[in-house]
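Data block below; observations after.
In this text the structure is predicted, and so the values were computed from the model without any measurement. Along the sequence shown, residues carry numbers from 1. Just so you know, ligand 1 is whichever comes first in the structure, and atom 1 is the first atom listed for that ligand.
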Amino acid sequence: MNIFVLTGAGVSAESGLGTFRDPGGLWRRFDPARLASPEAFAADPDEVHAFYNLRRRGVCEAAPNAAHRALARLQAALPAQGGRLFLCTQNVDDLHERAGATEVVHMHGEILRARCGSCGASAPWRSDLTVATACPACGRAGGMRPDVVWFGEVPLHLDPIEAALAAADRFVAIGTSGAVYPAAGFVAAARRRGIPTHEINLAPSDTAHIFDTAAYGPATAAVPAFVGAVLAGRI
Ligand code: APR
């Protein structure tokens, strides 16, 4: 069985990383237009760096949870059953990888990488960034930014994502509100292909009506249950 899994902030919520649109979520407390766009970075790079430095430290302090571990287990086990898990995440944290997932497609980039606005080089990055940070590749300062996709920028890896969606036997969305495209449109694309679609979330998402089935509850309970059912051949 080829399963396409799309994860969102909800899969990392129980690791202590905030979501965006839940009560108390990041975009309920901060204005994304002022913190997560190229225009915001050009206007006030210090404020944007401060926001991402805080989030980067939070990711480094967080630990993967049972949902991340269950997905890593599924990714490792499916090939023996002739299947494959394509793990696409909207999250910029590395908790899927730290839980043991090997191929993770970060369509919104990775907060533990930094990219140079001058030469375009990207490098692993765990410390704070400032406007004085020099690019390790070209040496120029002033242009280093978090290697994440901001509002108004094009998400990454859309071709392999489209190919994986076209080859999937099942589509599963976990911990995402279905508020941001193109990710929010993946379930409709799966529906058009006629493959089963399943939502795992704390509560019905904006696209809940498109899914065939759903399991609502904390990801650390619902995802291991789902993975157990798949590996036992019950779904
Ligand atoms: N278990 C499962 N689901 C949860 C949990 C949990 N413990 N806690 C929250 N959720 C669900 C919420 O019900 C919500 O539907 O996770 C979802 C989080 O939604 P958002 O905060 O909108 O996050 P996400 O869908 O990942 O946002 C997509 O928007 O701002 C951009 O780039 C950002 O990648 C992000 C994108």
Write out the residue and atom name of the closest protein heavy atom to [atom], then the distance separating them to 0.1 Å.
atom: atom 28 (C) of ligand 1; answer: Q90 OE1, 3.3 Å
atom: atom 30 (O) of ligand 1; answer: W27 NE1, 2.7 Å
atom: atom 26 (O) of ligand 1; answer: A9 N, 2.8 Å
atom: atom 13 (O) of ligand 1; answer: N201 ND2, 3.3 Å
atom: atom 7 (N) of ligand 1; answer: E14 OE2, 3.0 Å
atom: atom 6 (C) of ligand 1; answer: G10 O, 3.5 Å
atom: atom 21 (O) of ligand 1; answer: F20 N, 2.7 Å
atom: atom 25 (O) of ligand 1; answer: T176 OG1, 2.7 Å

Next item on the list: Can you label the angle between the H96 ring and the H68 ring as parallel, tilted or perpendicular, going by 30° and 60°?
Entry: perpendicular

Check: [Y] and [X] side chains under 4.5 Å, non-hydrogen atoms:
X: V5; Y: C88; answer: no
X: R126; Y: L112; answer: yes
X: N201; Y: Y216; answer: yes
X: M107; Y: P160; answer: no
X: L6; Y: F4; answer: yes
X: N91; Y: T7; answer: yes

For ligand 1, note which part of [X] has a heavy atom under 4.0 Å away: side chain, backbone, both or neither.
X: A179; answer: neither
X: R21; answer: both
X: T19; answer: both
X: H108; answer: side chain

Item checked: From CA spacing to verdict: side chain to side chain contact (heavy atoms under 4.5 Å, CB included), L129, R56 -> CA-CA 10 Å; L129 279 173; R56 187 182 298 104; 3.4 Å; yes

Note to self: Please state which option from S177, G175, A222, G25 has its nearest heavy atom closest to atom 22 (O) of ligand 1.
What the structure shows: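 Minimum heavy-atom distance to atom 22 (O) of ligand 1 goes to S177.
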
Check: Any idea which of V11, D22, V92, L202 brings a heavy atom closest to atom 12 (C) of ligand 1?
Finding: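 Nearest option to atom 12 (C) of ligand 1, by heavy atoms: D22.
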
Check: Hey, does P218 sit under 4.0 Å from ligand 1 if you only count heavy atoms?
Finding: yes

Checklist line | Taking every non-hydrogen atom, the tightest pair across A219 and E14 | finding: N-OE2, 3.0 Å

Notebook entry, point to check: Does a donor on one side chain sit under 3.5 Å from an acceptor on the other, for T130 and H49?
Noted result: no

Next item on the list: Would you mind listing which atoms of ligand 1 come within a distance below 4.0 Å of any non-hydrogen atom of A219?
Entry: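 Near A219, the atoms of ligand 1 are 1 (N), 2 (C), 6 (C).
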
Next item on the list: Identify, by atom number and element, the atoms of ligand 1 in contact range of G8, meaning under 4.0 Å from any of its heavy atoms.
Entry: 26 (O)

Next item on the list: Evaluate side chain to side chain contact (heavy atoms under 4.5 Å, CB included) for V59 paired with R98, printing each intermediate quantity in order.
Entry: CA-CA 11 Å; V59 168; R98 279 198 271 151; 4.2 Å; yes

